[in-house]
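Note that this is a predicted model, so its numbers are computed, not measured. Counting starts at 1 for both ligands and their atoms, in listed order.
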Amino acid sequence: MARAYIGLGSNLGDRRALLEEALRRLDADPSVSVSAVSTFRETEPVGVVDQPRFLNAAAAIETTLEPRELLERLLAVERELGRDRSGEHWGPRTVDLDLLLFGDVVVDEPGLAVPHPRLHERRFVLEPLLELDPALRLPDGRRLGDLLGTGESGS
Ligand code: GSY
C-alpha cells in the first residue's frame with residue numbers, strides 16, 4: 001500500500017461539485033482510498049491568466065495501484081467528468097487531477113513524471129499539500145514548506 005498525493009483543480013462549470021465527484025469516483029475504486037482532503041481554495045490562474053479563477057485542493061490517497069495505473073485512473077475520471085484535452089494546453093478545464101507525489105518514488109518516463117515537475121513552484125499546489133501534512137518532503141529530502149515563496153505564484 002502506498003500513500004500518494006493528488007492535486008485537484010477546476011475552473012469551468014460547478015467547480016466544487018466536479019471536484020467532489022472526482023474524489024467520490026476515485027474513492028469508489030477498490031484499489032484507491034481517499035484518506036484526507038484539504039480545504040478548497042479560490043486561486044488566480046497561473047500561466048494563461050486570461051481565464052476564470054480556479055478552485056484548487058489536494059488529497060491524500062492510499063493505493064495498491066502502481067504510479068502508471070493511478071495516473072490512468074486519474075485521466076479516466078477527468079474524461080468521465082467532461083475534461084476535453086483537445087483544447088489549449090493551459091486553458092480552462094472542468095477537472096484537472098495531477099499525480100503530485102507517490103511515496104518516495106521518482107519516475108521520469110514519457111507521459112509520467114513523479115514528483116510532479118512543477119509542484120515546487122506552484123503555491124496553489126504547495127499550500128493544500130502542506131495543510132494535509134506540514135512535514136511533507138520531496139523524495140530528495142527537501143521540505144515542501146521551504147519551497148513556498150521560492151518560485152512562481154498562484155495564490
Ligand atoms: O495545472 C493545473 C491547472 N492550472 C491551474 C490551477 O489548477 N490553478 C491555478 N491557480 N492556475 C492554474 N493554471 C493551470 S494550467
- Heavy-atom side-chain proximity of Thr63 to Arg73 below 4.5 angstrom: no
- Query: Quick one: does Asp96's side chain get under 4.5 Å of Phe54's, heavy atoms only?
  - Reply: no
- Message: Residue-level breakdown please: for Arg93 versus ligand 1, do any non-hydrogen atoms fall below 4.0 Å on the side chain, on the backbone, on both, or on neither?
- Response: side chain
- Item | Contact check, Gly47 vs ligand 1, heavy-atom distance below 4.0 Å | no
- Arg24/Asp27 salt bridge by N-O under 4.0 Å criterion: no
- Item | Arg16 bridged to Glu42 by N-O distance under 4.0 Å | no
- Message: Below the 3.5 angstrom mark, is there an N/O of Val46, backbone or side chain, next to an N/O of ligand 1?
- Response: yes
- Applying a strict 4.0 Å limit to heavy atoms, is Arg53 in contact with ligand 1? no
- Message: Using a strict threshold of under 4.0 Å (side-chain N to carboxylate O), is an ion pair present between Arg93 and Glu78?
- Response: no
- Item | Which segment of Asn56 sits under 4.0 Å of ligand 1 when only heavy atoms are counted | side chain
- Query: Do the side chains of Leu12 and Leu75 join up, straight or via other hydrophobic residues, at under 4.5 Å, putting them in one cluster?
  - Reply: no
- Task: Return yes or no for this condition: an N or O of Arg122 is under 3.5 Å from an N or O of ligand 1.
- Result: yes
- Message: With a heavy-atom distance limit of 4.0 Å, tell me whether Arg118 approaches ligand 1 through its side chain, its backbone, both, or neither.
- Response: neither
- Query: With distance as the sole test, does Asp133 use its side chain to make a donor-acceptor pair with the main-chain N or O of Ala135 at under 3.5 Å?
  - Reply: yes
- Task: Provide the number and element of each atom of ligand 1 under 4.0 Å from a heavy atom of Thr43.
- Result: 8 (N), 9 (C), 10 (N)
- Could you tell me whether Arg122 and Glu127 make a salt bridge, using a distance below 4.0 angstrom between a side-chain N and a carboxylate O? no
- Message: With a heavy-atom distance limit of 4.0 Å, tell me whether Val48 approaches ligand 1 through its side chain, its backbone, both, or neither.
- Response: neither
- Message: Using a 4.0 Å cut-off to any heavy atom of Pro45, which atoms of ligand 1 qualify?
- Response: 10 (N), 11 (N)
- Message: Taking 4.0 angstrom as the limit and counting only heavy atoms of Asp96, give me the atoms of ligand 1 inside it, by number and element.
- Response: 2 (C)
